[in-house]
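So the structure is just underneath, and the comments pick up after that.
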There are 2 protein chains.
Amino acid sequence: MPTVSVENYLKAILHLQDGDGDRVSTTAVAEKVGATPASTSAMMTRLGDRGWVEHERYYGVRLTEKGQRLAMDILRRHRLWERFLVDHLGFEWDQVHEIAEELEHVDSVELTNRLDAFLGFPKLDPHGDAIPGPNGRFRSVAARTLLAEAPRNLDLVVVGVVDGGDAFLRHLGVLGIELGSRLTVIERHAFDGSLVVRFDNSEEQQLLAPGVCERLWVDQSNPSPVIVFPESESPN
Amino acid sequence: MPTVSVENYLKAILHLQDGDGDRVSTTAVAEKVGATPASTSAMMTRLGDRGWVEHERYYGVRLTEKGQRLAMDILRRHRLWERFLVDHLGFEWDQVHEIAEELEHVDSVELTNRLDAFLGFPKLDPHGDAIPGPNGRFRSVAARTLLAEAPRNLDLVVVGVVDGGDAFLRHLGVLGIELGSRLTVIERHAFDGSLVVRFDNSEEQQLLAPGVCERLWVDQSNPSPVIVFPESESPN
DNA sequence: TTTAATTTTTAGCCTTGTCTAAAAATAAAT
DNA sequence: ATTTATTTTTAGACAAGGCTAAAAATTAAA
């Protein structure tokens, strides 16, 4: 039902909201979609009229339940297609965004679910970002993931180390990391897999070298919004 | 470059022209795309302005070289996606048209060529219609195809029979079919694979039962516009 | 707290694609 | 050869999205 343009706005808002449920400014959305604030303002009104965002004049927008669901579906399609492009068509991870940007607008639940099954119900896209399930929520990440493979923007807790050697544990001490440390992956550098993370509620971001990320087991520390992909919604 | 709407018009015109290079009427196009003749008339003018059709006022349109190429690319994408949906996502042949109708508008040469390779450079879509190659022309059909597997709308010639038993040959005689008979497949009935064909330049169409179609070897009788898929344009 | 800077919205215009109703051209039929 | 029927185009409107320039509201600064 929503047009391509509308879908792009919804996606942008979801991206800018990103966990925190606070409002997103018109200008921020405008920059994200590459339109002028004027055009965006008009669009925000339209999205509000259709019940996809709450729009408080002069104070930005926030996705409604319905809007959030729509946006998550778009994100789901985007990331599934990225997986397809990389896993089956041999694209590199950095060539797929643009194409997935088009494919994501093909709106067929049947298609999406079958593609999902074809890909083996992947949890992460080629950039390491989580893929929403058919219920519009992120799938549960396997308990104990390597930090190197954890999706971004999830609250994580360090639950173990792969290599318990003295040198590594001492290094962790220097970094201020211990069992129970809480962190979130902000960014993943494609070049070497090093991660930009933020610990606990600290404001500062920190870089973790690949060698560290590959030796840390993490788990989600905030399981509340996570629902395991229900059988009944699975295709086939 | 062309919009989705424009692509749909080009596709409709290609479909209506269908081999014969004569002009297509505004009303016919309108019906095909599901628009009014008025809207279509306006669109024909726009297509003419952009050099995709020759538009003779009151006498319909004909695709230009450029327009034909665009339309063939759309058809290529459509039919490749149909193959993908059936071969890899487990759709039935009669469920894929609508979805392919959307996928065909994702315009990326890289994507299309890689998909083509992934599918094994198929010659026919799930309905038995020929898939254009990356050069915008139909690929050469393998010399000697079973009539049952030949694409529609090609000039074919009967070059052999599979089962040379007396009964079958006598039956061919009754049907007026012999070596060298020229025919074109008009329609393929999905139910049992029986074909509606037109012999030579005869106006009347004729139904051929599956048992006959599966025992006749045919070849293209008009190889002029057929160019074998060139290596250089193949991906990977 | 009043002025300055920034952000958001409004106003007005444009393009694409669509429609209906009416006019013009072509084709068919008497 | 005219009238009748059909097809195509034009005219005029509308909705979605987009832009620029200007006005209004909010935030920051002096």
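We name chains A, B, ... by the order of the sequence lines, and we start the count at 1 in each one. Only a predicted model underlies this, so the values are computations on that prediction, with no experimental measurement involved.
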### Message
Assess the residue pair A:Arg79 and A:Glu104 against the criterion (salt bridge (charged side-chain N to carboxylate O under 4.0 Å, His left out)); give the C-alpha distance rounded to whole Å, side-chain angles, the decisive distance to 0.1 Å, and a yes or no.
### Response
CA-CA 8 Å; A:Arg79 293 182 175 173; A:Glu104 72 189 1; over 6 Å; no
Under 4.0 angstrom between [X] side-chain N/O and [N] OP1 or OP2:
{"X": "B:Tyr58", "N": "D:dT10", "value": "no"}
{"X": "A:Ser39", "N": "D:dC19", "value": "yes"}
{"X": "A:Thr45", "N": "C:dT9", "value": "no"}
{"X": "B:Arg46", "N": "C:dG17", "value": "yes"}

### Query
Can any side-chain N or O of A:Ser25 pair as donor or acceptor with the backbone N or O of A:Gly60 at less than 3.5 Å?
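Not a single qualifying donor-acceptor pair exists.
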### Task
Output the single nucleotide from D:dG17, D:dT20, D:dA24 whose closest atom is nearest the side chain of A:Met43.
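Per side-chain heavy atoms of A:Met43, the pick is D:dG17.
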### Message
Looking only at the side chain of A:Arg50 (C-beta and beyond, no hydrogens), which of the listed nucleotides C:dT20, D:dG17, D:dT27 gets closest?
### Response
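Nearest to the side chain of A:Arg50 among the choices is D:dG17.
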### Message
What residues from residues 1-13 of chain B pass a heavy-atom cutoff of under 4.0 Å to DNA chain C?
### Response
B:Thr3, B:Ser5, B:Val6, B:Tyr9
### Task
In plain terms, say whether B:Glu187 and B:Arg152 are close enough for a salt bridge, that is, a side-chain N and a carboxylate O under 4.0 Å apart.
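Salt bridge flag = yes for B:Arg152 with B:Glu187.
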### Salt bridge A:Arg77-A:Glu82, side-chain N to carboxylate O under 4.0 Å
no
### Task
Fit a plane to each ring of B:Phe118 and A:Phe118, take the angle between them on a 0 to 90° scale, and name the class: parallel (under 30°), tilted (30 to 60°) or perpendicular (over 60°).
perpendicular
### Message
Would B:Arg114 and A:Phe91 count as a cation-pi pair here, with the cationic atom under 6.0 angstrom from the ring centre and within 45° of the axis?
### Response
yes
